[in-house]
Amino acid sequence: MANEQQKTVKVQLVRSPIGTKQSHRDTVRGLGLRKLNSVSELQDTPAVRGMINKVDYLVKVL
């Protein structure tokens, strides 16, 4: 399993979370995004996909 390639997904914050619900701001932070245009590379899991779907209006998947 060590040589098995893990699938990843890159997420970029393209819109400011100011003025959004607190839970959406927390989700953006949970994805590892801080400033506008910051990019985070995460493992492609159902949990991460759910977080991306929750804040899809703030982020872009690369």
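Keep in mind that what you see is a predicted model, and the values were worked out from it rather than measured.
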Do Glu41 and Thr8 get their side chains close enough for a donor-acceptor pair, meaning under 3.5 Å? yes

From Thr20 atom OG1 to Arg15 atom CZ, the distance as rounded to the nearest 0.5 Å: 8.5 Å

Apply the side chain to side chain contact (heavy atoms under 4.5 Å, CB included) test between Val11 and each candidate in Leu58, Val55, Ile52; give the one that qualifies. Ile52

Working to the nearest 0.5 angstrom, can you tell me the gap between Arg25 CZ and Ser16 OG? 9.5 Å

Please step through side-chain contact (heavy atoms from CB on, under 4.5 Å) for the pair Ser40 and Leu31, ending with a clear verdict. CA-CA 7 Å; Ser40 181; Leu31 288 170; 5.7 Å; no

Hey, could you give me each pair passing salt bridge (Lys or Arg N to Asp or Glu O under 4.0 Å) that has a residue in residues 49-62? Not counting sequence neighbours. Asp44-Arg49

Do Tyr57 and Leu13 share a hydrophobic cluster, counting only Ile, Leu, Val, Met, Phe, Trp and Tyr and linking them when any side-chain heavy atoms are less than 4.5 Å apart? yes

Rounded at 0.5 Å granularity, tell me how far CG in Leu42 sits from CG in Leu33. 7.5 Å

Report whether Met51 and Val39 are members of the same hydrophobic cluster (ILVMFWY, side-chain heavy atoms less than 4.5 Å apart, transitive linking). no

Run Asn37 and Gln12 through side-chain contact (heavy atoms from CB on, under 4.5 Å) and show every step you take. CA-CA 6 Å; Asn37 297 319; Gln12 180 180 17; 3.4 Å; yes

So Val14 and Val59, side-chain contact (heavy atoms from CB on, under 4.5 Å) or not? Walk me through it. CA-CA 5 Å; Val14 294; Val59 299; 5.7 Å; no

